[in-house]
Structures are given as structure tokens and as C-alpha cells.
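Here the structure comes first, spelled out in C-alpha cells, and everything after it is commentary.
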Amino acid sequence: MSAPPIIILAEPDPIISSVLRVEFSELDFAVLMAATAADAEEYAARAVANLVVLDVGSLRLAGYNACARIRRRGGYATRPIVLTSHDVSERMRAAAETAGANVLLPKPYSVRDLLAALTPHLPPGDPLLTHRASKLALAQEWTASPSPATHAGRDSKLTRNGLLLPIVRSAGVKIPLHRKT
């Protein structure tokens, strides 16, 4: 099985970032969530991602500058970089192009919208287009042992995407029943 595509996502809106994280995780993409443009640059310095998505509506000039710096970084010359914003204008499109972005995408958007906008900019066979989630591998990971807790500290699909939640077992809390007499 091939390694999942890496996505760097700098989206300050908690609702949009949560939805995108879930959608990408369902497709078995490794999602690196960045709270700021600087965080996105830090991730880009550590690994060459298959896709970088930066919100320039909230990040403003920092988003455009991060895009330009990531584009100049080794390994990112041909990698897709997408800028997103609630308001998209011709001035913003020109700034995105100057910064080196492939696409300026209006919000709200889904992973499907994102991949559709990127398709003309990707070579055939790019992992963003060809990678598919392995439901069988995920099912085997859960059934390989009696308890998924054995995988909790390892680099599994579940822990990598933050989907494995700790299981807390306790005796519970007894709530006394008060009856009116």
C-alpha cells in the first residue's frame, strides 16, 4: 500500500477546518492542520506535501507571503498550492498568481470542489487524483487484535489522522433517584 498524500491545511475557521479534516481523513489523506501561515511554512519545511491550502481571507498578507515562500522551497516548484477566501476579486486573483498559487478558491468549498479546481493543474497519475482510501486495511487494523488500544501509540491511519480516541473505562457514577414521598 502506498503512503497517503500529505495535505497542509491552514484554515483558521474551526468549522471549515473540522469538515475538511474529516473529509480528507475519510479519503485516507494525511492532514497537517496549521493554525497560522507560519505553522504551514513550518510543516512545509519538514516534509514536501502533495497539496498546500492556505486561507488568505483571515491570514491576509501572511497567507500570500507564506504561499510565495513555500513555492520557492525545494520540492514545491510543481506542487499545487491553493489559496482560499470568502471574497474573491480580480485583485485577489492577481495577488494569488503573483504569490505562486495554482488556484484561488472561494469559500465555502468541499474536498470535491477543491480537487475539481486542481485537476487541470495536476499531471495524470498524481497521488491526489489516484489515491483511494483502503477500507479493507482500516478494517484489518481494527480486527487484527482484540483491542485497538495496541495501536494507540503507533503510526496507524487512525492515530495519524487523529481519529483514534482514548477509551475511558470506569465504574461510572451512580445518580441517586429522589422520589417524592
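- D126 places no side-chain N or O within 3.5 Å of a backbone atom of P123 that could act as its donor or acceptor partner.
- Note that CG of N102 is 8.0 Å distant from CG of L122, once rounded to the nearest 0.5 Å.
- Listed here is the closest heavy atom pair of N50 and P127: ND2-CG, 3.8 Å.
- Although no hydrogens or angles enter the test, the distance criterion places no donor-acceptor pair under 3.5 Å between the side chain of R79 and the main chain of R71.
- Cluster annotation: V19 is not connected to L32 through the hydrophobic network of ILVMFWY side chains, with a link wherever side-chain heavy atoms come within less than 4.5 Å.
- Remark: E11 CD to M33 CE distance equals 7.5 Å, nearest 0.5 Å.
- Looking only at distances, no side-chain donor or acceptor of Y43 sits under 3.5 Å from a matching main-chain atom of I7.
- Closest heavy-atom contact between L114 and L51: CD2-CD2, 3.8 Å.
- Atoms NE2 and CG, on H131 and D28 in that order, are 4.0 Å from each other to the nearest 0.5 Å.
- Remark: R46 engages E42 in a salt bridge, criterion side-chain N to carboxylate O under 4.0 Å.
- Using a 4.0 Å cut-off between a side-chain N of Lys or Arg and a carboxylate O of Asp or Glu, D55 and K107 qualify as a salt bridge.
- For the residue pair Y76 and A47, the shortest heavy atom distance occurs at OH-O, 2.8 Å.
- The structure places CG of L128 at 11.0 Å from CD1 of I6, a figure rounded to the nearest 0.5 Å.
- Between I16 atom CD1 and S110 atom OG the span is 11.5 Å, to the nearest 0.5 Å.
- A pairwise comparison of heavy atoms in S85 and V56 identifies CB-CG2, 4.1 Å as the closest pair.
- The residue from I70, L118, V103, I8 that alone fulfils the side chain to side chain contact (heavy atoms under 4.5 Å, CB included) condition with I81 is I70.
- In the hydrophobic clustering of ILVMFWY residues, with side-chain heavy atoms under 4.5 Å counting as a link, V53 and L115 come out together.
- Residues A34 and A40 come closest through the heavy atom pair CB-N, 3.5 Å.
- Of all non-hydrogen atoms in A66 and A37, the two that sit nearest each other are CB-CB, 3.7 Å.
- Under the side chain to side chain contact (heavy atoms under 4.5 Å, CB included) test applied with L104, the options V82, T84, L83 reduce to a single match, L83.
- Here E23 pairs with nothing under the salt bridge (charged side-chain N to carboxylate O under 4.0 Å, His left out) rule; sequence neighbours left out.
- Taking hydrophobic clusters as Ile, Leu, Val, Met, Phe, Trp and Tyr residues chained together by side-chain heavy-atom distances below 4.5 Å, Y109 shares a cluster with V111.
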